[in-house]
Structures are given as structure tokens and as C-alpha cells.
Amino acid sequence: MASHMDTSIIDRAAELRAHLNRYSHQYYVLASPTITDAEYDALFRELAALEEKHPELITPDSPTLRVGSDLASDFAKTPHVRPVLSLANAFSGEDLQAWEARNQRLSPGSVYTYVVEPKFDGLTLVLRYESGVLVQAATRGNGEVGDLVTANARTIGSVPLRIPVESGPAPPEVLVVRCEVLFTKEAFAALNRERIEDGEPAYINARNTASGSLKQKDARLTAKRDLTAYAYDVMYPDEFVPGDRFERLDWLHSAGFMIPPDVQLLSTLDEVLARVNWWADIRDTLPFEIDGVVIKIADNVQAERLGVVGKDPRGSISFKFPSKEATTVLEHVEPQIGRTGRITPTAHLKPVFVGGVTVSNATLHNYDQIEQLDLRTGDTITIKRSGDVIPYVVGPLKELRSGDEIPIIPPTQCPISGDLLIRKKDGVDLFCPNPQCSERMLRRVMFFASKEGLDIEGLGSNTVHALITSGLIKDEADLYTLEKEELLKLEGFAEKKAVELLASIDRARNRSPEKLLAALGINGVGAVTARLLLGRFSIEELMAMAEKILSINREAASSLLEELIPLSTLLLHKVHLKDPVAASLKQLETDDEKLATSLGELLTTVKPLLELDGIGPTMVEELFGWFKEDANRELIIKLQDVGVSFERQSSRMKSQLLQGKTFVITGALEGFTRSQAKARIEANGGKVTGSVSRKTDYLLAGEKAGSKLAKAQKLGVPVLGLVEWEKLLNSD
Ligand code: IVH
């Protein structure tokens with residue numbers, strides 16, 4: 001009764017038919033699919049559901065009438081020795097119990113053991129060996145007949161061309177092995193990196209790309225693809241290899257095949273379920289994609305006896321994991337501002353259920369990526385979850401475009417502060433340059449209060465937002481001078497909440513200096529780096545270095561700091577910063593002595609930092625990129641003014657043991673870093689300087705002490721080894 005039917009349903013069915021037929025053609029005939037199986041399945045199910053409700057919609061060309069086959073017209077065919085079977089699916093523990101119960105019914109009293117194998121998300125390849133030599137390789141085809149892809153299969157490194165590869169078991173006269181061909185995650189990423197470099201669009205789906213790669217007319221093209229094959233079954237002969245799945249895998253392995261890793265022999269369904277969960281847990285850490293696991297009755301004779309339903313053997317079942325991929329509509333892309341001012345485009349999606357949760361946001365790296373993907377608002381897109389809850393955008397399904405999609409144009413202004421966005425040198429990212437931008441400030445304060453920072457309870461985004469918009473805080477330091485009366489004026493603040501917030505801010509005053517420095521959110525400066533820095537330099541010394549760099553920059557009237565990074569990397573290797581000025585001159589290949597001198601001075605300034613183990617040029621740039629901002633230096637001073645300290649507060653009184661004594665440290669001290677030794681001297685009231693003079697009281701000398709030791713000896717400065725030093729420190 002099509003006349004009563006909503007025309008949109010009729011249109012949709014026609015549209016789906018057209019899409020699905022085109023995708024099948026791409027997949028089966030052209031061997032260049034453009035969508036994932038999950039997407040195809042979703043569209044297929046949508047059409048099947050429509051047809052089930054409205055059978056009059058079924059047309060003779062409906063793809064729902066087609067039986068699966070991957071045969072392509074231009075490949076020679078070969079019949080398979082045995083049907084290449086498929087698997088029934090289970091999605092839950094109950095499904096597995098039902099499977100076991102049915103097997104018990106069919107063969108009462110049987111005691112089964114099982115193997116659980118990863119279900120590779122690839123495609124079947126059937127390999128035929130005669131007298132141990134690979135003579136033929138075929139795709140699954142329609143299960144009875146497959147496409148011959150022998151030359152292509154030979155290009156796959158993990159397909160043995162002759163077995164046994166090493167000194168394994170002798171193969172039978174004819175051996176047929178079933179395996180799965182795939183891209184490892186790494187190989188697929190590498191392929192896409194290369195394509196993007198060559199200006200070609202990235203492939204979206206690893207499985208489809210593996211399929212396309214195997215079905216190349218020219219084997220040289222297949223050879224360029226780094227495919228992998230895992231063998232999981234012997235299809236012929238039955239009797240030659242041991243009758244147990246577990247032993248068969250062993251046999252395959254010793255013959256030279258790659259086999260599914262981490263397969264165990266299990267004896268109860270509970271053990272099987274636990275193992276299924278284990279695989280689900282480690283899924284994202286595997287080097288290849290799996291879409292589930294396959295559970296197989298270990299004993300082949302028992303499994304065979306259970307027979308086959310349709311194309312599915314009863315003795316095995318696949319347990320499907322929730323798909324990590326889904327298609328949905330990109331509703332819009334919103335620029336989000338981070339604490340460093342970096343703009344990250346965030347994709348807002350039509351909510352979609354993927355990998356067990358409903359998601360409505362996805363991440364994008366930057367606007368260049370949007371351009372590369374040719375992503376448009378209104379596009380149907382593929383998203384993928386891996387590990388994190390927030391999925392990433394894989395790419396648009398361009399075939400589904402209606403023409404109404406709108407290109408996404410990168411913003412030129414900060415959507416919050418209105419400042420013109422900048423691109424840092426060589427960078428792809430856009431930045432809001434305004435440190436006072438309220439959104440940047442919000443992110444900064446949130447980071448300051450987060451677990452990575454000072455861990456201040458009660459500072460959620462709503463509260464921070466209210467504090468900023470009401471003008472109560474302009475930066476992190478203002479948190480410490482908040483007063484109860486002010487807070488009570490804010491919406492949602494009652495006595496208790498205000499008191500609690502003030503108390504938790506107060507508690508955060510005593511966090512360690514490295515936590516405080518890390519809380520400032522300087523890129524790359526987490527607690528570990530912060531400790532390293534503060535172990536060697538005081539915050540004042542770091543500030544002084546920053547001021548020095550700024551003044552050198554001003555004099556040179558060019559942004560030397562930006563040149564510093566590549567140069568200092570080179571210099572570090574070439575001259576170990578012994579003579580930065582000379583090195584700069586040479587490196588710059590310039591006669592501009594003034595410029596080289598400035599650069600040399602700059603390098604001399606940061607040299608002590610670069611000498612710290614674990615601090616490299618990038619770190620130096622991040623650090624001074626941060627200190628360069630007046631607002632940031634002012635923040636440090638303001639924090640100190642409100643009583644937050646970057647110095648370790650020693651609970652004990654400082655020992656005066658070494659009061660007035662000046663030390664120089666040289667050589668390698670066993671069990672101490674320089675900065676630890678220095679801290680120990682300072683904690684006892686002593687001072688550490690860099691060079692030996694008549695004023696030096698002691699030289700603390702470790703292994704391989706050089707010129708300083710010689711100088712101390714010449715000047716008659718007492719030299720302490722570790723033992724004497726310990727004695728001195730324990731002398732009270
Ligand atoms: S056993 C009769 N084991 O999954 C044996 N299949 O959904 C049937 N697959 O067509 C296959 N990893 O391409 C088996 N460890 C594994 C597998 C596996 C991936 C694929 C295979 C099969 C499909 C069935």
C-alpha cells in the first residue's frame with residue numbers, strides 16, 4: 001500500500017538501495033571500498049528493517065536479496081577444498097550458555113574443553129601448499145569458490161613460501177591453511193602518514209584497505225602494503241595434524257606460521273567468560289584490531305560431530321565486542337580554547353551509541369586536519385573510540401553528501417576575547433594570544449586546581465566561571481585573597497560552601513614547590529620536571545634568566561628565542577656549548593657579529609638549564625615562552641606576595657653547621673646528584689658557587705674531578721671526598 005505510505009520512507013528505501021549497491025560494487029568489484037563494514041551493516045539493517053515492515057518496498061535489485069560474496073570479475077577462480085565457513089555470533093554470557101546448552105542437547109554427556117582466540121578484524125586467505133611449497137592463495141569468495149590472489153599473497157612477509165620454515169615438522173603432501181590478513185595498527189598508521197605526505201587522502205578503515213590491498217591486479221602494489229597474516233586453522237588434511245585446536249596452532253607455529261597469540265586451553269564456560277573479558281580489556285593495547293574473540297571447542301572430532309547450521313559450524317562461535325566505530329552526523333564544529341590559548345576544534349555530533357556508551361562529542365586535532373579530511377558541517381562521518389571515552393573523527397562519508405554540507409572555516413578571532421588568533425612559527429595550531437582571555441583564564445584556574453595541579457577541592461568549572469565573570473579573580477593568585485563575604489554574594493554560595501572552599505584553598509598553600517610550579521600549566525612542566533628545575537634553580541633565578549633573554553631579544557631586535565631551539569640542538573651536539581658565541585657565528589653562517597653575539601649570549605644564558613639531565617631545547621622554549629609573558633612573571637610575584645612559596649619549607653630549623661662556608665662541587669659524586677649535594681650544603685647554612693677561588697672554603701670532589709681540583713690544590717683549598725664530607729656534616 002505504497003500510496004498510503006509516507007513518501008519519505010519510499011525515498012529512503014530507494015536511497016539506501018542505491019547506496020548499498022554502489023558500496024557493494026566498490027567493495028566486491030572495484031576492490032576499493034569507501035565505508036567500513038559497520039557502516040555498511042548499519043545501512044543494510046536499516047533497509048532490511050524498512051523492507052520487513054513494508055515488504056512491498058522490496059525490489060528485485062535490493063541488496064538484501066544478495067548472498068555475500070567477495071568475488072571480483074577480473075580474478076581467476078578456484079574451488080575451495082572444503083567450504084570456507086563462517087561463524088555464528090554471541091553478544092553476551094547468556095548467548096554463550098545457550099550455545100553450550102545446545103551442544104549438550106545435541107551430544108549429551110560430552111565434556112568439552114575450549115580455546116579462546118582473538119577474532120582478527122581482517123579477511124580470510126586460504127593458502128595451499130604442495131610438498132611444502134606455496135602454490136595457491138585464494139580469498140573466501142562465496143565460500144565455495146574464491147579469487148586467486150597467489151602472487152599478491154606471496155608479498156606478505158608472514159606467509160611462509162615454503163614450510164617448514166625452520167626445522168619444523170614435515171608437511172603433508174597437500175596442506176591447506178586458513179588465515180586472516182590484516183594491517184597492524186602501526187602499519188596502517190604508517191601507510192596513512194605516507195599518503196598524507198604525498199597529498200593523498202588517508203584510508204578510513206584498516207580491514208577494507210587490507211582487502212583492497214590483497215585484491216590488486218598488480219602484485220607490486222600489494223607488496224607496498226605492509227600486510228600481516230595470522231594462521232588459525234588447517235582445512236586440509238584433517239587427519240594429519242593433531243586433532244586438538246590447541247595442538248594444531250602449535251603445529252602451525254612450528255611449521256613457520258604466525259598464529260593467534262595468548263591462546264589458552266580452558267575447561268569451563270566460566271573460564272571462557274573470564275578470558276573473553278580479559279581480551280575485551282586488553283583490546284586497545286593489542287598491535288592489531290580485533291572485533292571480538294572466537295571460542296572453539298578444542299577437540300576437532302567433537303566439534304565436527306556437532307555439524308554445521310547454514311554456513312556456521314556449531315563447534316565454534318564468535319563473541320562480538322561492541323563496535324568501536326559508528327557513523328553519525330557532524331552537527332557543528334566549535335573552537336575550544338585551552339589554558340595555553342591553543343584552539344582545538346571540537347566536533348559536536350548527533351548522539352550515537354558506540355562501544356557501549358552514547359557520545360555526542362569527538363575530538364579533532366586542529367583545523368589543518370579538518371581541511372585534510374575535507375570535513376563539512378552536516379557530513380555523515382565515521383567516528384572511532386579507542387581507549388578513551390571521547391572518540392576521534394575518522395573521516396566523512398563523502399558519497400552520502402546531499403550538497404547542503406557547509407565547509408568549515410577556521411576562526412580568525414578568539415570566540416571569547418575577540419583577539420586575532422595567531423599561528424606560532426611552523427605550527428599548525430591556532431592560539432588566542434591574550435593571557436587575560438576569560439576562557440583561557442578559566443582553563444588555567446581549573447588546571448591550577450586540578451589533581452595534576454594543587455588539587456583544590458570545590459573549584460568546579462561553574463564556580464571558577466562565576467569567580468571570573470564576577471571579577472573576584474583575575475588570576476590564580478587571587479584565589480588566596482578571596483573573602484567569605486565576597487563569595488556569599490555569588491549565586492549558589494551559602495555559608496557552608498563558602499567556608500569549605502576557603503578552607504580547601506587554604507590547605508593548598510602548603511603543597512610542595514614543585515606542585516606549585518607544575519600547577520602553573522607550563523607545557524611539559526609536570527611535577528617531575530618542576531622538581532628537577534627547582535632542585536637546581538630558584539624561581540628568582542629562572543625569572544632572571546627570562547628577563548635576560550628578553551633584554552637580549554630586545555637589543556637584537558629579532559625574536560632570537562625562536563631561533564634558539566634548532567640552533568641549540570645543533571650546538572649541543574657540535575660544540576657542547578663550550579663557546580656559544582663562536583659556535584653561533586659559525587652556525588648562522590653570518591658575518592653579522594652582533595646577531596651572533598646576541599645569540600651566543602642567549603645560549604650562554606640558558607646553558608645551565610640545558611646542562612640539567614632531562615631538560616632539552618624544547619623544554620627551554622616552552623619554559624621561556626611562558627616566562628616571556630609579563631602577566632606570567634607578575635603572577636609569580638603575586639603568588640609570592642599572597643604568601644605562596646616556591647621554596648621548600650623546611651619544618652626543622654635550618655642547621656647552621658656550615659654557616660658562612662663556601663663550597664665548590666666538582667666531579668661525579670656517587671649516590672648524589674649535584675643538585676642534591678648542593679641542597680644538602682645549603683640546608684646546613686652553606687653556600688655553593690661555581691668556580692674555585694681563594695674565597696672557597698672547601699672543594700667537594702667526586703670521581704673524574706678535573707681542572708677545579710687542580711686549581712684548589714694550587715690555591716691550598718681543602719678538598720673533601722665523599723667520606724670527609726659525610727664526616728663534616730656529622731660533626732655536631
Ligand atoms: S574461525 C569455521 N578464528 O571471522 C571457522 N575466524 O566471523 C571459522 N576470523 O570468516 C573461522 N579471526 O575471517 C576464526 N581466530 C579466528 C578468527 C576468525 C578472525 C574471521 C574469519 C571468519 C570470520 C567469522
Side-chain angles (χ1 to χ4, degrees), residues 27 37-38 40-41 67-71 80-91 95 99 103 114-127 137-144 146-147 149 153 158 176-184 206-208 210-211 214-215 227-236 238 241 245-246 248-250 252-253 257-266 272 275-276 279-280 283 286-321 323:
Y27 187 98
D37 282 12
Y40 185 89
D41 288 351
V67 222
S69 156
D70 68 4
L71 294 176
H80 292 300
V81 273
R82 291 179 58 177
V84 182
L85 298 174
S86 173
L87 292 173
N89 291 326
F91 297 93
D95 290 351
W99 174 63
N103 292 340
Y114 303 97
V115 293
V116 178
E117 295 173 10
K119 186 170 178 326
F120 302 104
D121 195 8
L123 61 142
T124 291
L125 184 67
V126 180
L127 303 171
T139 65
R140 178 177 177 278
N142 61 10
E144 304 287 335
D147 280 334
V149 289
S158 40
V176 181
V177 173
R178 180 167 178 177
C179 56
E180 193 82 355
V181 172
L182 47 79
F183 275 108
T184 61
R207 181 185 186 280
N208 291 349
S211 165
L214 195 60
K215 291 199 147 195
L227 295 167
T228 301
Y230 281 97
Y232 54 79
D233 202 9
V234 174
M235 291 175 64
Y236 184 89
D238 265 347
V241 280
R245 295 250 168 226
F246 198 67
R248 275 194 179 195
L249 289 181
D250 244 12
L252 282 169
H253 185 61
F257 292 91
M258 292 229 319
I259 56 164
D262 298 302
V263 179
Q264 291 183 342
L265 192 60
L266 307 167
V272 167
R275 196 65 186 164
V276 171
W279 279 106
R283 177 181 189 184
L286 290 169
F288 44 77
E289 298 277 1
I290 62 173
D291 55 350
V293 290
V294 184
I295 300 144
K296 303 175 178 178
I297 288 179
D299 186 307
N300 277 321
V301 177
Q302 283 181 328
E304 294 281 324
R305 215 188 288 135
L306 288 167
V308 174
V309 221
K311 290 192 169 186
D312 308 330
R314 288 202 183 89
S316 301
I317 192 161
S318 94
F319 188 104
K320 293 276 254 199
F321 292 154
S323 169

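We count ligands from 1, going down the list as the structure has it; atoms in each ligand are counted the same way. Note that the coordinates shown come from a computational prediction; the quantities given were computed from them, not determined experimentally.
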Check your understanding: Are Val84 and Val126 close enough that some pair of their side-chain heavy atoms sits under 4.5 Å apart?
Key -> yes
Practice item. Check whether any heavy atom of Asp233 sits under 4.0 Å from an atom of ligand 1. Key: no
Point to revise | Residue and atom name of the nearest protein heavy atom (relative to atom 23 (C) of ligand 1), distance in Å to one decimal | key: Lys119 NZ, 3.6 Å
Review point. Heavy atoms, side chains only, cut-off 4.5 Å: are Val116 and Leu266 in contact?
Key: yes
Study note, to complete from the structure: If you scan protein heavy atoms around atom 10 (O) of ligand 1, the nearest is Arg178 NH2, 2.9 Å
Point to revise | Residue pairs passing the ring-ring contact (aromatic ring centres under 6.0 Å, His included) test where at least one lies in residues 296-319, sequence neighbours excluded | key: none
Practice item. Just need the protein heavy atom nearest to atom 14 (C) of ligand 1, so name the residue and atom and give the distance. Key: Tyr232 CE1, 3.3 Å
Practice item. May I ask you to say whether Asp299 pairs ionically with Arg245, meaning some side-chain N is under 4.0 Å from a carboxylate O? Key: no
Check your understanding: Side chains of Glu180 and Thr124: closer than 4.5 Å at any heavy-atom pair?
Key -> yes
Point to revise | Min N/O separation Phe120 to ligand 1 under 3.5 Å | key: yes
Point to revise | Distance filter under 4.0 Å to Thr124 heavy atoms, resulting ligand 1 atoms | key: 10 (O), 13 (O), 21 (C)
**Study point:** atom 15 (N) of ligand 1 - nearest protein heavy atom and its distance
**Key:** Glu117 OE1, 2.8 Å
**Study point:** Option whose closest heavy atom lies nearest to atom 13 (O) of ligand 1, chosen from Glu180, Lys296, Lys320, Lys311
**Key:** Glu180
Point to revise | Nearest-neighbour protein heavy atom for atom 2 (C) of ligand 1, which is reported as residue plus atom name and distance | key: Pro313 CG, 3.4 Å
Practice item. Would you please indicate yes or no on a ring centroid separation below 6.0 angstrom for Trp99 and Tyr114? Key: yes
Review point. Mind checking whether Pro118 has a heavy atom under 4.0 Å from ligand 1?
Key: yes
Check your understanding: Are Glu117 and Lys296 ion-paired here, with the side-chain N under 4.0 Å from a carboxylate O?
Key -> yes
Point to revise | N or O pair under 3.5 Å between Ser318 and ligand 1 | key: no
Review point. Do the two ring centres, one from Phe288 and one from Phe183, sit under 6.0 Å apart?
Key: no
